[in-house]
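Here is the structure we will look at.
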Amino acid sequence: MKGIGDKIKHIRDMFDYRDSINITVTSQNEIKNPLPDWVVAFAYDNTIYILDKLLDAPVHYQQEIIIHEFVHLATERYKKNMPLCLYEGVAMYLADQKEKLVDIIEVSEQIDLNNVDYSNPLLYVYSFNITYMLVQKYSLSILVELIKNGCIKKIYNYISK
């Protein structure tokens, strides 16, 4: 099993991301804009902000969250080319957050693929599943190249019909 350092190096290489990052532990009270209760971390401006409530979680979960947020930093420059569900799904997939893998048919019946946002509790379930399906069909390396080349929306539009 790869350690967190190996995973971050792999993600850096995959997305050609070389910026230095900071990891900051903060509390909800120190954040200017209120966050939903389910948020335990977020990434912004080369910094991963970890809310102090995450520190009570098991170490493997903390590592998944750090990797998830690191993927957001590494893919930020491609975000305009990615639907939200792929932006989150790629982060979940690379962070190994497989607990969200469920029957995609069941999920797709409960979510409007074209209007998904953070207010929908199924966003992360759907995001992981759609990314998992794309990796199975095309491979991770092809999915990453499609994201980097700005072609991923074409595939997403095809499968979301």
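- With 3.5 Å as the limit, one finds a donor-acceptor pair spanning the side chains of Tyr17 and Asn46.
- Shown here for Asp96 and Lys7, the closest heavy-atom pair between the two residues is OD2-NZ, 4.0 Å.
- Between Tyr49 and Phe42, the ring-plane angle classifies as parallel under the 30° and 60° cut-offs.
- Separating the NE2 atom in His72 from the OH atom in Tyr87 is a distance of 5.0 Å, to the nearest 0.5 Å.
- Tyr93 contributes atom OH, which lies 13.0 Å from atom CG of Leu86 (distance to the nearest 0.5 angstrom).
- Rounded to the nearest 0.5 Å, atoms CD (Glu76) and CZ (Phe15) are 12.5 Å apart.
- Within 6.0 Å of the OH atom in Tyr118, the count of heavy atoms belonging to other residues, nucleotides or ligands exceeds 12.
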Point to revise | side-chain contact (heavy atoms from CB on, under 4.5 Å) between Leu94 and Leu140, worked out | key: CA-CA 10 Å; Leu94 293 174; Leu140 180 58; 3.8 Å; yes
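- Here the shortest heavy-atom pairing between Val39 and Lys53 reads O-CE, 2.8 Å.
- At most 12 heavy atoms of other shown residues, nucleotides or ligands fall within 6.0 angstrom of atom CG in Asp37.
- In this structure, Lys9 places its NZ atom where only 12 or fewer heavy-atom neighbours from other residues, nucleotides or ligands lie under 6.0 Å away.
- Between Ile66 atom CD1 and Ile23 atom CD1 the span is 4.5 Å, to the nearest 0.5 Å.
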Check your understanding: Can you check side-chain hydrogen bond (donor to acceptor under 3.5 Å, both in side chains) on Ser119 and Asp117, steps first, answer last?
Key -> CA-CA 5 Å; Ser119 68; Asp117 62 27; 2.4 Å; yes
